[in-house]
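In what follows, a structure is listed as structure tokens, so that the remarks can point back to it.
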Amino acid sequence: MQSKAEQEAASRETAQVSLLAQLSDSWHAVLSQISGAVDLAALEARLAALSLLEMLALAITLAVLAITAWLLVLVLIALALMATGLPLWLSVTVLLVTNLAACIWIVLRIRRKSADATFPATRSVFREYTQPQHDTAE
């Protein structure tokens, strides 16, 4: 028969082993959760990359179709101008000048709008806070 001290030592040893087993189980559960999250993130990153490639291919296809449609509209306009009696060269020149004017207008508009992307008001507020304050009452 075991003495009381031996029983207490055995009980403590069992408790320590049980605590270590619980800690080990918890650690493995955390690692399993992290591994699952990393695997999920990798799969979603792959899906996002494939989706991005498809969207890029679709955008290129859309641009080609839009350009084709625009060219066909220009052909129809040229044919309509020719039906009024204008020669082919003059009809094409009118369309060329109109398109160039539209391009120039778009470039100028982009330049004007690009100033909005520089956050001018926000920069002036930050400039006020970052500049040293000078004592004006001398």
Side-chain angles (χ1 to χ4, degrees):
M1 186 141 185
Q2 291 182 347
S3 71
K4 189 173 183 177
E6 289 175 339
Q7 287 176 348
E8 287 178 5
S11 174
R12 267 187 261 124
E13 187 176 310
T14 303
Q16 288 175 348
V17 169
S18 175
L19 179 62
L20 285 175
Q22 286 178 353
L23 285 173
S24 177
D25 289 346
S26 296
W27 179 249
H28 288 298
V30 167
L31 288 179
S32 176
Q33 287 284 331
I34 291 172
S35 175
V38 168
D39 289 345
L40 179 62
L43 288 172
E44 284 190 320
R46 184 171 185 266
L47 177 62
L50 291 173
S51 295
L52 181 63
L53 284 175
E54 184 177 348
M55 290 186 317
L56 182 60
L58 290 171
I60 290 170
T61 303
L62 177 65
V64 168
L65 291 173
I67 290 168
T68 303
W70 179 247
L71 291 174
L72 290 172
V73 166
L74 292 178
V75 167
L76 290 174
I77 293 171
L79 290 173
L81 288 173
M82 288 172 51
T84 64
L86 282 174
L88 175 62
W89 69 269
L90 189 54
S91 299
V92 172
T93 303
V94 167
L95 293 175
L96 175 65
V97 170
T98 305
N99 274 286
L100 288 176
C103 289
I104 291 169
W105 178 82
I106 289 171
V107 167
L108 293 175
R109 182 88 175 139
I110 288 172
R111 283 187 180 173
R112 263 185 268 134
K113 285 299 184 179
S114 67
D116 295 341
T118 63
F119 299 91
T122 304
R123 285 187 306 144
S124 69
V125 168
F126 283 130
R127 209 175 296 124
E128 288 177 17
Y129 288 119
T130 58
Q131 289 179 350
Q133 298 294 326
H134 297 291
D135 189 18
T136 57
E138 286 187 27

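For the atom pair NZ (Lys113) and CZ (Arg109), the distance works out to 4.5 Å, reported to the nearest 0.5 Å. Rounding to the nearest 0.5 angstrom, the gap separating the CH2 atom in Trp89 from the CG atom in Leu96 is 12.5 Å. The CG atom of Leu95 sits 10.0 Å away from atom CG of Leu90, with the distance rounded to the nearest 0.5 Å. One finds the CG atom of Leu23 at 11.0 Å from the NE2 atom of His28 (value rounded to the nearest 0.5 Å).
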What verdict does the side-chain contact (heavy atoms from CB on, under 4.5 Å) test give for Val30 and Ser26, after you've listed the backbone C-alpha separation in whole Å, the side-chain angles of each residue and the deciding distance to 0.1 Å?
CA-CA 6 Å; Val30 167; Ser26 296; 5.6 Å; no

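When the side chains of ILVMFWY residues are joined at heavy-atom separations under 4.5 Å, either directly or via intervening members, Leu81 and Leu74 end up in a single hydrophobic cluster. Taking hydrophobic clusters as Ile, Leu, Val, Met, Phe, Trp and Tyr residues chained together by side-chain heavy-atom distances below 4.5 Å, Leu86 does not share a cluster with Leu79. Clustering ILVMFWY residues whenever any of their side-chain heavy atoms sit less than 4.5 angstrom apart, transitively, puts Trp27 in a cluster other than the one holding Ile34.
Considering only heavy atoms from C-beta on, Ser24 stays 4.5 Å or farther from Leu20 through its side chain. Residues Leu71 and Val75 fail the side-chain proximity criterion, which asks for heavy atoms closer than 4.5 Å. Side-chain contact between Trp70 and Asn99: present, with at least one pair of heavy atoms (C-beta onward) separated by less than 4.5 Å.
Between the side chain of Thr98 and the backbone N or O of Val94, at least one donor-acceptor pair lies under 3.5 Å. Checking side-chain atoms of Ser114 against main-chain N and O of Arg111 turns up a donor-acceptor pair under 3.5 Å.
The minimum heavy-atom distance between Ala115 and Pro120, with the atom names listed, is O-CD, 3.8 Å. What you find for Leu88 and Met82 is that their closest heavy atoms are CD1-SD, 3.4 Å.
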Could you go through residues 41-63 and list every donor-acceptor pair under 3.5 Å that involves a side-chain atom there, pairing it with any protein atom two or more places apart or in another chain?
residue : atom : partner : partner atom : Å
Ser51   : OG   : Leu47   : O            : 3.0
Thr61   : OG1  : Ala57   : O            : 2.9

